[in-house]
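Both counts, for ligands and for their atoms, begin at 1 and track the order of listing.
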Amino acid sequence: MEQIKLTQFSHGAGCGCKVAPSVLEEILKNTGEHLASANLLVGNETKDDAAVYDMGNGTALISTVDFFTPIVNDPFNYGRIAAANALSDVYAMGGKPFLAIAILGFPVEKIPAEIAQQIIAGGKEVCAKAGVTIAGGHTIDSPEPFFGLSVNGIVAINNLKKNSTAQEGDVLFLTKPLGTGILTTALKRELISGDEIEEAVEQMATLNTFGSILGECDFVHALTDVTGFGLIGHLIEMCDGANISAEINYSAVPLMKGVKELAAKFIYADNTMRNWKSYEGKVQGINGESLLTLCDPQTSGGLLIAVSKRGEGDFRQLAKENGFMLETIGYFTERKSHSIYLQ
Ligand code: CO
Ligand code: CO
């Protein structure tokens, strides 16, 4: 099989192909009345990770869909990453995914079927780890390849975690280092080798299963995952949804290897600036490097967790037991003029 570079087919990398928040807002307005359903516990009002529907027996169904264009050249890894990313939105609600349907598009004339096969195989491997069955799917012939999953999950309603319920005084944790947008952009432009994004690939293919454990913890006040809008964008959603503000200690924010150096050379994903344009009025104290890293669109990023001050010790213990050595990256305060302040 000749060397096919999957990323050369995609205009935007991974979650970087998400439309800008401001464009999304424009698209969604004036689309007509919502058919109100008393059973809908979470809709799209608070920009949460997934829809949640009360099944009436103390449990709720979590439903979400996520797909994107190739972020790495290796089809198997691309499939793994896309699957981990799609499943993440269920974990980010405190739930457990159980069923997935695949969405696949690829240029049938230009990419052999074996490549598409490997993409799906990668997706299946990650789903198997999560205990999720890919029970079907839909494939179309498309000039730009894309792959992802529609996922169903389940959560006890008492364990449901939203992105909009953080409280003043809560401390903030992040489970994966940032930089997938910068690193994959450098890869796409052939400025770094495939080896240099190995850490990023493994992080992106890592499941956020920790979220379903956090669902059972009362000291977790709010939960989301960091994806296309960058840490800043997803944190703004947390702040604005709860009408509070956050302070970030930038030096405590974990970055992937090589990210600082690439940022210093102004290598960043196209959507970084688009994210920033949507958010600049809401953030104070950001500078060159922190702008590029905190607005960096993440693909299959980590969980962003708001933990009560009292529960911080218990949380750190639980994180350790689950293989995370986490430092606080900031905390929530009363609502101020800006959503986020950087230190
Ligand atoms: Co999400
Ligand atoms: Co999503």
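The atom name of the N/O/S atom in D49 closest to the Co ion (ligand 1) is OD1. Within D89, OD1 is the N, O or S atom that lies nearest to the Co ion (ligand 1). Looking at D225 and the Co ion (ligand 1) together, the shortest N, O or S contact belongs to OD1.
Under the side chain to side chain contact (heavy atoms under 4.5 Å, CB included) rule, F106 has a single partner from D141, T139, I140, which is T139.
Using modelled atom types, one finds no donor on one side chain facing an acceptor on the other under 3.5 Å when comparing T299 with N85.
Geometrically, K336 engages Y341 in a cation-pi contact, judged by NZ or CZ lying under 6.0 Å from the ring centre and within 45° of the ring axis.
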(message) Assess the residue pair R316 and E327 against the criterion (salt bridge (Lys or Arg N to Asp or Glu O under 4.0 Å)); give the C-alpha distance rounded to whole Å, side-chain angles, the decisive distance to 0.1 Å, and a yes or no.
(response) CA-CA 8 Å; R316 281 176 191 271; E327 285 310 318; 3.7 Å; yes

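Because the distance cut-off is set at 2.8 Å, D66 fails to qualify as a neighbour of the Co ion (ligand 1), as none of its N, O or S atoms comes that close.
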